[in-house]
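Every chain is numbered from 1 and lettered A, B, ... according to where its sequence line falls, protein lines coming before strand lines.
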2 protein chains.
Amino acid sequence: MMSDIAALAGVSESTVSRALAGSSLISEKTRQRVVKIAQRHGYAVNPAARSLRRGLSHTIAVMIPLRHAHNQHFSDAFFADMLANLADAVNARGYDLLLHRVSEGEANWVEQPIQSRRADGAIVIGQSLEHKALDQAAVRGVPFVVWGARLPEQHYVSIGTDNFLGGKLATEHLIQRGRKRIAFLGDRRAPEVGERHRGYLKALADSDIRADRKLQLEIPFGADEALRSLSDLVRSGVSLDGVVAASDTIAMSAIRALTESGLKVPADVGVVGFDDVAMASYTLPPLTTIRQEIAPGAVLLVDKLLAILAGEPAQSQQMKPKLVVRAST
Amino acid sequence: MMSDIAALAGVSESTVSRALAGSSLISEKTRQRVVKIAQRHGYAVNPAARSLRRGLSHTIAVMIPLRHAHNQHFSDAFFADMLANLADAVNARGYDLLLHRVSEGEANWVEQPIQSRRADGAIVIGQSLEHKALDQAAVRGVPFVVWGARLPEQHYVSIGTDNFLGGKLATEHLIQRGRKRIAFLGDRRAPEVGERHRGYLKALADSDIRADRKLQLEIPFGADEALRSLSDLVRSGVSLDGVVAASDTIAMSAIRALTESGLKVPADVGVVGFDDVAMASYTLPPLTTIRQEIAPGAVLLVDKLLAILAGEPAQSQQMKPKLVVRAST
DNA sequence: TTGTACGCGTTATCAG
DNA sequence: CTGATAACGCGTACAA
């Protein structure tokens with residue numbers, strides 16, 4: 001503990017505390033001596049004591065709502081990538097990362113880790129169906145940021161891709177390839193997906209293509225339902241020459257469903273995914289998709305949250321999506 | 001804080017503390033009264049104060065070594081699945097989960113979070129190339145468990161699949177399908193993979209098939225290298241009719257490489273993966289693979305660690321792998 | 001620039 | 001079964 005180091009260095013505990021905290025109230029010489037002794041003895045400040053004293057945990061909670069999708073949602077490669085990047089960004093800032101999956105029915109889940117002082121702030125990956133809960137928490141002043149869509153008049157800071165533009169780009173690309181019967185696959189209740197769907201509709205309207213309700217499938221993030229719904233659709237005899245999927249996972253599943261139904265991708269049907277996860281380049285055929293910049297997004301999330309914690313103002317931000325053309329269109 | 005609740009309940013702080021901790025030293029009646037008041041006022045024990053007093057953080061660190069594979073390793077669906085299940089298992093036990101990615105060059109990384117009292121114990125996902133470091137830490141009494149291979153005379157507790165058997169099953173399956181020129185793809189420096197490779201060799205030997213060194217590719221977990229190496233192999237004109245991959249990710253990559261080289265899967269070459277991640281059923285063709293039981297594995301990891309923390313003895317355990325036959329063989 | 005003294009919010013010990 | 005008290009290890013206001 002600190003008193004040992006103080007004794008070894010022949011100074012008081014306060015001096016050790018200040019030296020280790022990099023206080024400017026201390027001479028560079030003593031600071032270096034103390035730091036060296038601490039290192040040699042493998043001493044590290046007790047985080048519990050520090051937290052108790054300072055009222056801060058030096059920890060960021062990462063929350064993953066699972067309301068509208070159980071495991072699938074999490075194991076989607078997109079979440080994994082985001083989480084990996086968040087872990088790096090948080091650790092790089094010297095903070096610890098508390099991971100929490102929010103199961104259904106947990107009340108006040110956003111503020112719970114903060115109120116109980118286990119974390120100073122939270123990062124929420126994906127709005128899921130929780131926009132209202134999040135907005136209320138923001139009004140109450142809970143410090144958190146969200147990866148997801150920016151909704152009209154929301155009170156919290158969100159970082160995310162311009163989903164409307166992403167959906168529009170994906171659809172326009174198919175239209176340019178001469179497709180006219182384009183399906184949309186995704187759970188529009190999730191705001192990000194809802195935006196992508198709006199972009200899809202806009203692109204169709206811009207090209208005077210009638211949007212057919214039968215081609216718009218309400219599919220949860222999981223791949224199982226995508227496979228089934230699309231197979232059913234094809235079997236029903238509806239004509240179809242393009243698919244805009246709300247995630248790469250859904251797109252991969254769609255490719256399989258189409259292929260097994262006797263349709264060729266991309267010859268008969270073009271498929272566009274969303275996310276550009278690592279796996280997207282290894283499917284057969286490699287996936288044309290809308291890339292979300294995950295690494296910069298993660299850094300942005302952490303920095304915005306730290307700004308909020310520091311009392312600075314922070315704005316929501318939308319990142320530009322990018323069409324990555326591979327072989328599925 | 002606790003004194004507020006004490007005042008409201010008309011009892012001492014000690015009583016509140018005991019009531020909330022479920023101590024048997026307290027009458028059921030007062031306990032219920034105190035608990036109710038605490039709930040009504042949204043009171044939760046301050047974890048920093050509790051940790052300071054008890055010397056326990058009530059937190060489990062999950063460490064992900066990246067020594068022999070950077071992002072790929074983590075974003076492999078297997079890691080994501082494992083992490084999701086660990087998060088659930090840890091939270092279910094009332095513990096918090098601290099996530100840490102171990103970058104190269106971090107010394108004493110296993111014990112760091114424990115020594116600094118941020119976590120009571122650690123779960124390490126994958127041995128990577130860290131077996132020696134882990135073993136030394138175990139000898140020093142650091143409380144942790146590992147997902148990975150059980151190595152001869154190791155001093156730490158490990159949970160994992162019987163990788164030798166898994167590799168053997170995969171290879172035998174291909175042999176039964178009449179394959180004789182079977183390649184192995186994976187980074188054998190990672191102990192899990194080394195075991196799978198041994199199983200592969202054993203299966204070949206049992207069937208009197210000569211193991212060809214040219215067919216054994218040293219491939220990191222990432223998919224990029226798998227794609228390139230296998231394409232090169234095929235181009236070199238070596239005959240080949242089967243592939244045992246060290247992960248589903250590698251297998252998917254292999255299927256693409258083979259297909260693009262003009263070989264048909266499974267007609268010309270059978271491919272077996274490892275893990276049975278969710279995505280494995282959605283590839284084209286759906287992947288025959290060796291299933292690892294991730295969810296039970298995660299629960300086992302947490303429970304073994306908690307046993308160790310409770311001072312109880314804990315044994316390593318190997319889970320039986322299972323061949324899941326789909327369309328790639 | 002350094003040291004002294006106190007309190008952060010709990011829980012364990014001991015006395016009743 | 002309950003209450004008073006001390007101590008967990010640190011950071012900071014205040015004094016020097």
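Using a 30° and 60° split on the angle between ring planes, A/Phe78 and A/Trp147 fall in the tilted class, from 30° to 60°.
Side-chain contact check for A/Ser12 and A/Thr15: at least one donor-acceptor pair (N or O, by modelled atom type) lies under 3.5 Å. Side chain to side chain, B/Gln112 and B/Ser116 fail the donor-acceptor criterion of an N or O pair below 3.5 Å. A donor atom on one side chain and an acceptor atom on the other are not found under 3.5 Å apart for A/Gln315 and A/Lys304.
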task = Report, as a single string ordered 5' to 3', how protein heavy atoms within less than 4.0 Å touch nucleotides 6-16 of chain D: B base, S sugar-phosphate only, - not at all.
result = BBBBBBBB---
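Judged by distance alone, the side chain of B/Asn85 and the main-chain N or O of B/Asp81 form a donor-acceptor pair under 3.5 Å. A donor-acceptor contact shorter than 3.5 Å links the side chain of A/Asp120 to the backbone of A/His58.
Dashed line: the shortest gap from a side-chain N or O of B/Thr15 to OP1 or OP2 of D/dT2 is not under 4.0 Å.
Residue contacts shown for B/Leu25 include a base, since a base heavy atom lies under 4.0 Å away. Using a 4.0 Å heavy-atom distance criterion, A/Thr30 is classed as a sugar-phosphate-only contact.
Nucleotide C/dG9 holds its P atom 21 Å from the CG atom of B/Leu56, rounded to whole Å. Computed from coordinates, the B/Leu20 CG to C/dA12 C1' distance equals 16 Å when rounded to whole Å.
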